[in-house]
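Here is the structure we will look at, set down as structure tokens.
Both counts, for ligands and for their atoms, begin at 1 and track the order of listing. Numbers here simply count residues along the sequence, with the first being 1. Treat the numbers as computed from the prediction; the structure is a model and nothing was measured.
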Amino acid sequence: MRYAEITGWGKALPPTVLSNADLEQIVETSDEWITTRSGIKERRISHVAASDLAELAARRAVAAAGIEMGQIDLIVNATCTPESIIPASASYVQAKLGAKNAGAMDLNANCSGFVYSYVTADALVRSGAVDTVLLIGVERLSWVLDYTDRTTCILFGDGAGAVVLQPTDQEAGVLSSVLGVDGTLADLLCVNGDGTVRPGSTLTAPRIRMEGSDVFRLAVTAMADASETVVGQAGWGIDDIDLLIPHQANQRIIGATSRRLKLDHSQVFLNIHAYGNTSAATIPIALTEAIEAERVPSRANLVFAAFGGGLTWAAAAVRFGARVTPIAEVDDQLPETDQSVWDLLAANFESFGRLDIQ
Ligand code: UT7
């Protein structure tokens, strides 16, 4: 049998931090409210393009897999914050990497984008359609946030994670999966003012709008149901699960999924306090950090679970590969910046027509 194994992993987080204390200066909120309602303490704001974040995460993942750029057959770039409508951001990433033999496409399933992409890429490798896939989850959400809206600007941040998938004859990869959507609820979480439908799209900067408590309620059910289904289909008991790597949107939503699966704290990976919700990037960033923290044993049983705009949800029971140490590492870093978090947000505010940040 042919399977698809994760052989490389990497992440890229911009260095500039936006803390809860910073947010207290620009909207009516408090560190205490944000921490207790979401689990978030700080998030990162990028000074570079999303494709730069994607490139660095990808270079680290490719090094960890010990492959050359020329070996990549397909780049799947999971994102809901593309740099433009045309071309897909995957084209920029392919050019920056010099992955000359690769096809490249974006996949947008919002915060579920990484799991949707992973299940898709796994199937393409298994089928023999391609051998080596570079799968990236990347977002620059700070660019579509309204930093006058306290119900959304506290939640999201920027970042990228990436994995490399390669064929193996040992059982690995997706053992079972659920991909779901209820498109009738799509307007509960959306970015107005861009795209081809809504008028005025070239005149106003696009901004996220969200009915947070409605999304919260649906997320609690959808993520827990999907996780329970894939674990059941994989034939796993509670003790068979090494680690749940959930989408990091809200610690309370993760708690609900963990309780449904009856997992111990030690079986759940959390880093939401450090980065907030980076949408399609949360799971590959979390996976990379979990491997680095030695919380992913060889041939580990993992559960990926996500939900998000669309409204989408997705989960997969995943058998990790044999190797949990990188073959190589790269020295590459993001370019340094002397811009403060206020400088970076000023660019955002300017595009939104409000300049009085401090
Ligand atoms: O990846 C998918 C993306 N979406 C999500 O992850 C969103 C899921 N939703 C959530 O995580 C939660 O709904 C939130 C964290 C956004 C909000 O938590 P909540 O417990 O659902 O609060 P709420 O929206 O019901 O608001 C409770 C109160 C309201 O005041 P009143 O009406 O009770 O007086 C809000 O106006 O909290 C107020 N509020 C805030 N207060 C301080 C809303 N945002 C803030 C804030 N600081 N930032």
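- For the pair T282 (side chain) and H247 (backbone), a donor-acceptor distance under 3.5 Å is absent.
- Two residues are said to be in side-chain contact when any heavy atoms from C-beta on lie closer than 4.5 Å; I285 and Y275 meet this criterion.
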One pair to check against salt bridge (Lys or Arg N to Asp or Glu O under 4.0 Å): D158 and R43. What are the steps and the verdict? CA-CA 7 Å; D158 303 337; R43 62 295 287 145; over 6 Å; no
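- With hydrophobic clusters built from ILVMFWY side chains whose heavy atoms lie under 4.5 angstrom apart, F269 does not share a cluster with I241.
- Heavy-atom contacts from other residues, nucleotides or ligands closer than 6.0 Å to CD of Q233 number more than 12.
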Quick check for students: name every N or O atom pair between ligand 1 and the protein closer than 3.5 Å, with distances.
| residue | atom | partner | partner atom | Å |
| --- | --- | --- | --- | --- |
| ligand 1 | 1 (O) | H247 | NE2 | 2.8 |
| ligand 1 | 1 (O) | N277 | ND2 | 2.9 |
| ligand 1 | 9 (N) | G212 | O | 3.0 |
| ligand 1 | 11 (O) | N250 | ND2 | 2.7 |
| ligand 1 | 13 (O) | G212 | O | 3.1 |
| ligand 1 | 18 (O) | R252 | NH2 | 3.4 |
| ligand 1 | 20 (O) | R37 | NH1 | 2.9 |
| ligand 1 | 20 (O) | R252 | NH2 | 3.0 |
| ligand 1 | 22 (O) | R37 | NH1 | 3.2 |
| ligand 1 | 36 (O) | R150 | NH2 | 3.0 |
| ligand 1 | 37 (O) | W33 | NE1 | 3.4 |
| ligand 1 | 41 (N) | W33 | NE1 | 3.4 |
| ligand 1 | 41 (N) | R150 | NH1 | 3.4 |
| ligand 1 | 47 (N) | T29 | OG1 | 2.7 |
| ligand 1 | 48 (N) | T29 | OG1 | 3.1 |
| ligand 1 | 48 (N) | R150 | O | 2.9 |

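- At a threshold of 4.5 Å between non-hydrogen side-chain atoms, the residues L23 and I34 count as touching.
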